[in-house]
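The block underneath contains the structure these notes are about, expressed in structure tokens.
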There are 2 protein chains.
Amino acid sequence: MKKSLADRIEQYLKVLIERTDDKQIEIQRSELAETFGCVPSQVTYVISTRFTEFEGYLTESRRGGKGFVRITRYQLEDEENAGRNELMTWIDELLQEKAITASQGEILQHLITCAFKNMPPEYRKHLFKQLRVVLADYTRY
Amino acid sequence: MKKSLADRIEQYLKVLIERTDDKQIEIQRSELAETFGCVPSQVTYVISTRFTEFEGYLTESRRGGKGFVRITRYQLEDEENAGRNELMTWIDELLQEKAITASQGEILQHLITCAFKNMPPEYRKHLFKQLRVVLADYTRY
DNA sequence: AAATATATAGTCAATTAAAGTCAAAGAAGG
DNA sequence: CCTTCTTTGACTTTAATTGACTATATATTT
């Protein structure tokens, strides 16, 4: 099976990310599109389908002059990662059971990703606990 | 990665501020513009977009001869209930503006209530910061 | 003291340079 | 076929930069 353009862009970006020390790159969408000879929105498509929070990536961007797209792969310690995955999975389950709405799931997963990425480890544990409490409240009934 | 002029001016000012003891600097707008080879209003732009109250800065200025712009970084006091109330109010506003859905507001307020009730004060500050980031993400117009 | 000149800083709108959105058309796989 | 994933492009939104014009201090002259 032949690789799609999207696949090739994905691989290209992942190689770039892994090569950096901080697992973070900044690209210009239009420039990358030029490199691959495609429309800029193709890049947006690749990023939104292959660099999701669930897969461990964070993206930020800025429009306008000197705009950019920044992609960060965050790496957590094993234990933290397990905790994060557990929460994410739990949220997915709650979604399945319709215990929470899609938009609630979205904002919670977003919060988890932000928090795990930016919080000092000793605080993550506590946030983690709180999130479990909140989810537990929504689970029982 | 090319930084915009605005980014460079921002960084320059932040370094100056952090170097001082009282986290406060006074500059001359036109002089700084000269340093960076840009128009003075560029400096105004940088200050108004990057040194906002939200980001923890205060600015004052005076026109005319011996004019200046003073930028002060203030420490966010993490008084426990004030932080909680601020977040709650913010969520209400986001609801009004329909930036988030009712169910998202509900789960966030629930989370905040749980978290502030059960978290030791020193952790609250961090959770508070993270929630602000998440909410800021959802605050678009 | 009042009037005038000079030196700053602020405001606002125009221009330009990105990135995002969305839906429709096309391709691949089952 | 039918479904799902990919590709494209027209249109929207946002950020940066600039400059002409305005407002307000201070300094100088009358």
Side-chain angles (χ1 to χ4, degrees), chain A residues 1-14 16 24-55 57-72 102-103 106 110, chain B residues 1-14 16 24-55 57-72 97-100 136-141:
Chain A
M1 63 137 164
K2 204 161 134 264
K3 277 217 178 140
S4 68
L5 175 56
D7 289 336
R8 284 187 289 118
I9 294 175
E10 174 191 8
Q11 194 164 20
Y12 175 82
L13 290 175
K14 286 187 171 165
L16 285 189
Q24 174 170 297
I25 57 171
E26 254 176 43
I27 57 158
Q28 294 219 293
R29 189 182 78 144
S30 49
E31 189 184 57
L32 184 59
E34 183 106 10
T35 305
F36 280 88
C38 63
V39 296
S41 56
Q42 175 75 302
V43 175
T44 304
Y45 172 72
V46 171
I47 289 169
S48 68
T49 55
R50 271 97 155 154
F51 295 85
T52 64
E53 281 186 3
F54 194 80
E55 314 194 30
Y57 293 90
L58 272 181
T59 65
E60 303 159 276
S61 69
R62 203 159 70 192
R63 305 185 183 188
K66 301 285 190 332
F68 61 83
V69 177
R70 180 185 302 138
I71 309 176
T72 311
S103 67
E106 185 195 307
H110 186 64
Chain B
M1 178 253 300
K2 331 169 235 263
K3 285 246 188 89
S4 66
L5 214 207
D7 288 336
R8 285 186 288 116
I9 295 175
E10 174 192 8
Q11 195 166 16
Y12 175 81
L13 290 174
K14 286 187 169 165
L16 286 189
Q24 174 171 300
I25 57 171
E26 255 176 44
I27 57 158
Q28 295 221 296
R29 189 183 78 143
S30 48
E31 188 184 57
L32 184 58
E34 183 106 13
T35 305
F36 279 89
C38 65
V39 296
S41 56
Q42 176 75 295
V43 175
T44 305
Y45 172 73
V46 171
I47 289 169
S48 69
T49 54
R50 270 97 157 155
F51 294 86
T52 64
E53 200 185 327
F54 177 77
E55 323 232 1
Y57 294 91
L58 274 181
T59 65
E60 303 158 274
S61 68
R62 204 161 70 202
R63 305 183 183 190
K66 303 268 173 41
F68 62 84
V69 176
R70 180 186 302 138
I71 309 176
T72 312
E97 298 162 8
K98 303 219 200 295
I100 58 176
D137 266 9
Y138 279 82
T139 313
R140 33 190 78 111
Y141 104 120

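Chain letters run A, B, ... following the sequence lines, proteins first and then strands; every chain starts at 1.
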When you check the phosphate oxygens OP1 and OP2 of C:dT21, does a side-chain N or O of A:R63 lie under 4.0 Å from one of them?
no
Atom-pair distance (CD1 on A:I47; C1' on D:dC5), nearest Å
18 Å
Measure CD1/B:I9 against P/D:dA15 and give the value in whole Å, please.
17 Å
A:Y45, nearest nucleotide to its side chain (from D:dC5, C:dG10, D:dT14)
D:dC5
Stepwise, does the side-chain contact (heavy atoms from CB on, under 4.5 Å) test hold for B:Q24 with B:L58?
CA-CA 9 Å; B:Q24 174 171 300; B:L58 274 181; over 6 Å; no
Would you kindly check if the NZ (Lys) or CZ (Arg) of B:K3 is within the cone defined by 45 degrees around the ring axis of A:F68 and under 6.0 Å from the six-membered ring centre?
no
Would you indicate what B:S4 reaches in the nucleic acid, counting non-hydrogen atoms under 4.0 angstrom: base, sugar-phosphate, or nothing?
sugar-phosphate
What's B:R8 touching, base or sugar-phosphate or nothing? Going by heavy atoms closer than 4.0 Å.
nothing
Listed nucleotide nearest any side-chain atom of B:Q28, set C:dA19, D:dT18, C:dT8:
C:dT8
Quick one: does B:R62 reach the base of C:dA9 with a side-chain donor-acceptor pair under 3.5 Å?
no
Output the rounded distance in Å from NZ (A:K3) to P (D:dT7).
13 Å
For B:Q11 and D:dA16, give me the distance from atom CD to atom C1', rounded to whole Å.
17 Å
For atom CD of B:E26, is the number of surrounding heavy atoms from other residues, nucleotides or ligands below 6.0 Å larger than 12?
yes
B:A33 versus B:V43, closest heavy-atom pair with distance
N-CG2, 4.0 Å
What's the CG-C1' distance between A:L5 and D:dC5, to the nearest Å?
13 Å
Taking OP1 and OP2 of C:dA9, is either one under 4.0 Å from a side-chain nitrogen or oxygen of B:S30?
yes
Measure from the side-chain heavy atoms of B:A6 and tell me the nearest of D:dT7, D:dT18, D:dT17.
D:dT17
Between B:F36 (CZ) and D:dA16 (P), how many Å, whole number?
15 Å
Considering only heavy side-chain atoms of A:R50, the closest of D:dT6, D:dA16, D:dG19 is D:dT6
Can you see if the side chain of B:S61 gets near the phosphate of C:dG10 - specifically, an N or O under 4.0 Å from OP1 or OP2?
yes
Length of the line joining B:E34:CD and C:dT8:P, which is rounded to integer Å:
11 Å
DNA chain D: 5'-proximal contact among B:Q42 and A:S41 (nearest heavy atom)
A:S41
Identify whether any heavy atom of B:G67 sits under 4.0 Å from a base atom; if not, whether one sits that close to sugar-phosphate; answer base, sugar-phosphate or nothing.
sugar-phosphate
Tell me whether the OP1 or OP2 atom of C:dT21 has a side-chain N or O from A:R29 closer than 4.0 Å.
no
Nearest atoms (heavy-atom pairs only) where A:T52 meets A:T49:
CG2-O, 4.0 Å
Between B:K66 and D:dA27, is there a contact of a side-chain N or O with OP1 or OP2 at under 4.0 Å?
yes
With a 3.5 Å cut-off and just heavy-atom distances, do the side chain of B:T44 and the base of C:dG10 make a donor-acceptor pair?
no
Rounded distance (Å) that lies between atom C1' of D:dT14 and atom CD of A:E60:
16 Å
Criterion side-chain contact (heavy atoms from CB on, under 4.5 Å) on B:I9 and B:C38, from CA distance to verdict:
CA-CA 10 Å; B:I9 295 175; B:C38 65; 4.2 Å; yes
